[in-house]
Protein chains: 2
Amino acid sequence: MSVSNHPPLPETRERLLQVAVTAFGQRDYDGVSTREIVEAAEANISAISYHFGGKRGLYLATVEYLAEQFHKQMAPRLEEIRQALEASDAQACADLLCEFLGGFVELLLAGEHGESAPGIIFREQHRPTDAYDILYRKLLQPMHETLTALVACYRGESRESHSAMLMAHALLGQGVIFRIGRTTLLKRLGKTAYTRADIKQLKRHLSGYCRWLLDAPHLAEDVIP
Amino acid sequence: MSVSNHPPLPETRERLLQVAVTAFGQRDYDGVSTREIVEAAEANISAISYHFGGKRGLYLATVEYLAEQFHKQMAPRLEEIRQALEASDAQACADLLCEFLGGFVELLLAGEHGESAPGIIFREQHRPTDAYDILYRKLLQPMHETLTALVACYRGESRESHSAMLMAHALLGQGVIFRIGRTTLLKRLGKTAYTRADIKQLKRHLSGYCRWLLDAPHLAEDVIP
DNA sequence: CCAATTCAAACAAACGTTTGACTGAATCCC
DNA sequence: GGGATTCAGTCAAACGTTTGTTTGAATTGG
């Protein structure tokens, strides 16, 4: 059942959510048992049914919780961008885009939810459930739309422009892949973790890539009108 | 003598592997039940223990099977590249790199194992098990090393060059992200599947990106010697 | 005292695995 | 050459464990 969230939250409910975020971040829905969660959260087995109506309810609440937490970390920048978009200054759009991408990979590679969020997001992308709608509405769509608007503004296109969407996706993806493919890349490099210098270098790359892509023609032609 | 009324089924072991590839490709280890597999494969429940020693054994065999199948589809091109690398012609390296990336996204977006392979690979990258070693040795390492060699050759660097590895990763990743983030991108575009024109456009983008990246300085400086 | 919350215990269902009987074809030995 | 034996493979049935969920009593706090 629905519970109002902003007045003082029951302690147990919050503990369950925090534990569930890391659990579902590492393993998938079937790989996480309810008993494992309540033990880690020092709660009783029936607390899940009581607070969330069941395991599925806990999972959905967890995804929503994560999406909000993650979005909150980007909210100031997204708002700043929305206001700047009014001015419609192409050069400023490019700058904001680079800056946002830098902050984004920072979250992915060194942020608080960098270990749990990718697991859930990429699993729901691969095999969408009810939870994907939450993820899309609260996190993916706002982010994707904002970046698309920046690209479109720079290029003097509509926010519905497919080429702007493709470029926004390509840019986001270029950052994301260093989180997803982390295991293999680190193994190739002979490292066990990214250093600050690595992240800095990646940011420089993203910045350079961004400025090149915005003027590149390859993704610019919408093949289907 | 008795004539078979049905077309001859593959041996039980093979049938189990084929079913397991698609099953483990869609859901994760705990999300797939042994009974579900044997039913789809028209085999008996104890066939898994008999042929693979258990569910875990089936999973490992499935990953190996998939890695080999997928690698086989790229083998001719990889071999062609290895031979061309002897010549050490920079321009030829760039061409081969673009060509390989094009074939790679073709496999990911429209290939036979494009639906199952990514699920397994990205899951094992996120949370490596014994199966990741198989995947790395039989698929990821050969591919990554070959691309790194091409980059290194073009740039006149060593095959151990970190900057070459980073560039190879960035290039592969730029293709991969259009498979991983497919759900969200298609939703933004208002489509339900990529068209041939989309794939063609993506290939053009990858080609352009590749030629820009090879001469770009941002990933070129190895921060740590 | 009452409503909200927690608790130990039990529930049926699904899980991976094991068992022992059974098959058909190849191999053996007299 | 033919009955006995072996062996890989299949099958239905049952195993014990873990799963998510439910129950009803106990506890807590306003």
Side-chain angles (χ1 to χ4, degrees), chain A residues 1-65 120 123 127 129-131, chain B residues 1-63 65 120 123 129-131:
Chain A
M1 54 178 62
S2 62
V3 180
S4 64
N5 15 355
H6 270 317
L9 278 169
E11 198 174 307
T12 302
R13 197 188 130 93
E14 185 74 12
R15 284 207 316 276
L16 285 172
L17 282 175
Q18 288 172 357
V19 168
V21 163
T22 73
F24 286 125
Q26 289 182 314
R27 295 183 293 286
D28 103 322
Y29 184 79
D30 295 291
V32 175
S33 80
T34 54
R35 282 176 175 80
E36 159 196 351
I37 290 182
V38 296
E39 276 175 29
E42 300 182 74
N44 187 269
I45 177 68
S46 62
I48 292 180
S49 294
Y50 181 77
H51 286 284
F52 304 97
K55 183 186 182 182
R56 189 71 203 166
L58 170 61
Y59 177 69
L60 293 175
T62 302
V63 170
E64 185 167 12
Y65 178 81
I120 294 181
R123 208 179 300 128
R127 204 157 198 276
T129 69
D130 304 346
Chain B
M1 297 300 109
S2 72
V3 177
S4 62
N5 21 5
H6 303 293
L9 286 174
E11 296 301 317
T12 303
R13 196 189 133 93
E14 184 76 10
R15 283 200 324 270
L16 286 172
L17 282 175
Q18 288 172 356
V19 168
V21 163
T22 73
F24 287 124
Q26 290 183 313
R27 294 182 294 286
D28 104 321
Y29 185 78
D30 295 292
V32 175
S33 79
T34 54
R35 284 177 174 82
E36 159 196 350
I37 290 182
V38 295
E39 275 175 29
E42 299 182 72
N44 187 268
I45 178 67
S46 61
I48 292 180
S49 293
Y50 180 77
H51 286 285
F52 303 97
K55 185 186 181 183
R56 188 72 204 165
L58 169 60
Y59 177 68
L60 293 175
T62 301
V63 170
Y65 179 80
I120 294 182
R123 209 178 301 128
T129 69
D130 305 346

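Every chain is numbered from 1 and lettered A, B, ... according to where its sequence line falls, protein lines coming before strand lines.
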Trainee: Does the distance from a Lys or Arg side-chain N to an Asp or Glu carboxylate O, for A:E11 and A:R15, drop under 4.0 Å?
Mentor: yes
Trainee: Taking the side chain of B:N44 as its heavy atoms from C-beta onward, which of D:dA12, D:dT21, C:dT18 lies nearest to it?
Mentor: D:dA12
Trainee: Expressed in angstrom and rounded to an integer, what is the separation of B:I48 atom CD1 from D:dT10 atom C1'?
Mentor: 14 Å
Trainee: Between atom OG1 of A:T22 and atom CG of A:L17, what is the distance when rounded to the nearest 0.5 Å?
Mentor: 11.5 Å
Trainee: On a heavy-atom basis, which atom in B:R56 and which in B:D130 lie closest, and how many Å separate them?
Mentor: NH2-N, 4.2 Å
Trainee: Starting at CZ of A:F52 and ending at C1' of C:dT6, how long is that distance when rounded to a whole Å?
Mentor: 15 Å
Trainee: Is there a side-chain contact (heavy atoms from CB on, under 4.5 Å) between A:V32 and A:Y59? Walk through the geometry before answering.
Mentor: CA-CA 10 Å; A:V32 175; A:Y59 177 69; over 6 Å; no
Trainee: Separation of A:D30 atom CG from D:dG20 atom P, in whole Å?
Mentor: 8 Å
Trainee: Would you indicate which nucleotide in D:dT21, C:dT5, C:dT18 comes nearest to any side-chain atom of A:Y50?
Mentor: C:dT5
Trainee: When you measure from the side chain of B:I45, which nucleotide among D:dA13, C:dA8, D:dG9 comes out closest?
Mentor: D:dA13
Trainee: What's the CZ-C1' distance between B:R15 and D:dG9, to the nearest Å?
Mentor: 12 Å
Trainee: Indicate, with a heavy-atom threshold strictly under 4.0 Å, whether B:V32 touches base, sugar-phosphate, or nothing.
Mentor: sugar-phosphate
Trainee: Starting at CD of B:E42 and ending at P of D:dA12, how long is that distance when rounded to a whole Å?
Mentor: 13 Å
Trainee: Strictly distance-based, threshold 3.5 Å: is any side-chain N or O of B:K55 a donor or acceptor partner for the main-chain N or O of B:D30?
Mentor: no
Trainee: Which sits closer to the 5' end of DNA chain C, B:S33 or A:S46, going by the nucleotide each is nearest to?
Mentor: A:S46
Trainee: Can you see if the side chain of B:T34 gets near the phosphate of C:dG16 - specifically, an N or O under 4.0 Å from OP1 or OP2?
Mentor: yes
Trainee: Let me know the distance between OH of B:Y29 and P of D:dT19, rounded to the nearest Å.
Mentor: 14 Å
Trainee: Atom CD of A:E39 and atom C1' of C:dC7: how far apart are they, to the nearest Å?
Mentor: 14 Å
Trainee: Please tell me which of the listed nucleotides, C:dA10, D:dT10, C:dT17, lies nearest to the side chain of B:H51?
Mentor: D:dT10
Trainee: I want to confirm an ordering. Mapping A:G54 and B:A47 to their closest nucleotides on DNA chain D, which one lands closer to the 5' end?
Mentor: B:A47
Trainee: Round to a whole Å and report the spacing from CZ of B:R35 to C1' of C:dT18.
Mentor: 12 Å
